[in-house]
Student: 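One structure follows; several queries about it will come next.
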Amino acid sequence: MPDVEISASEVADRLAAVGALRRLADRLEDAAVEEAMRGEWSWPQVAEALGVTRQAVYKKHAKRLIAAGVSLRRRNG
């Protein structure tokens, strides 16, 4: 496959598209996590579904969920 040069404008467009996709993915994740937590999912269940640790999902979402009035489940013990 021959090397094809792309313009700086094309690179900028591609990077902008990646940024837009990241923002969209973040909004989709926020909504899905909130829905799961309102549906009484546990942090480990949400974390497993996202492929991250419980601590990571808690750190990323807990403050926002509390501010939104979502009742969060606590671990026993």
Student: Are Val52 and Lys60 side-chain neighbours, meaning at least one heavy-atom pair lies under 4.5 Å?
Tutor: no
Student: Rounded to the nearest 0.5 Å, what separation is found between the CZ atom of Arg22 and the CG atom of Leu24?
Tutor: 13.0 Å
Student: Write out all pairs satisfying ring pair (Phe, Tyr, Trp, His ring centres under 6.0 Å) with one or both partners inside residues 3-39, taking only residues at least two apart or from two chains.
Tutor: none
Student: If you take all heavy atoms of Val57 and Ala47, which pair is closest and at what distance?
Tutor: CG1-CB, 3.9 Å
Student: Do Met37 and His61 have side-chain heavy atoms sitting under 4.5 Å apart?
Tutor: no
Student: Tell me whether Ile6 is reachable from Leu15 by hopping between hydrophobic residues (I, L, V, M, F, W, Y) whose side-chain heavy atoms are closer than 4.5 Å.
Tutor: yes
Student: Hey, is CD on Glu40 packed in by over 12 heavy atoms from elsewhere, all under 6.0 Å?
Tutor: no
Student: To the nearest 0.5 Å, how far apart are CD in Gln45 and CG in Leu50?
Tutor: 12.0 Å
Student: At their closest point, which heavy atom of Val70 faces which heavy atom of Glu34, and how far apart are they?
Tutor: CG2-CG, 4.0 Å
Student: Write out all pairs satisfying ring pair (Phe, Tyr, Trp, His ring centres under 6.0 Å) with one or both partners inside residues 14-46, taking only residues at least two apart or from two chains.
Tutor: Trp43-Tyr58
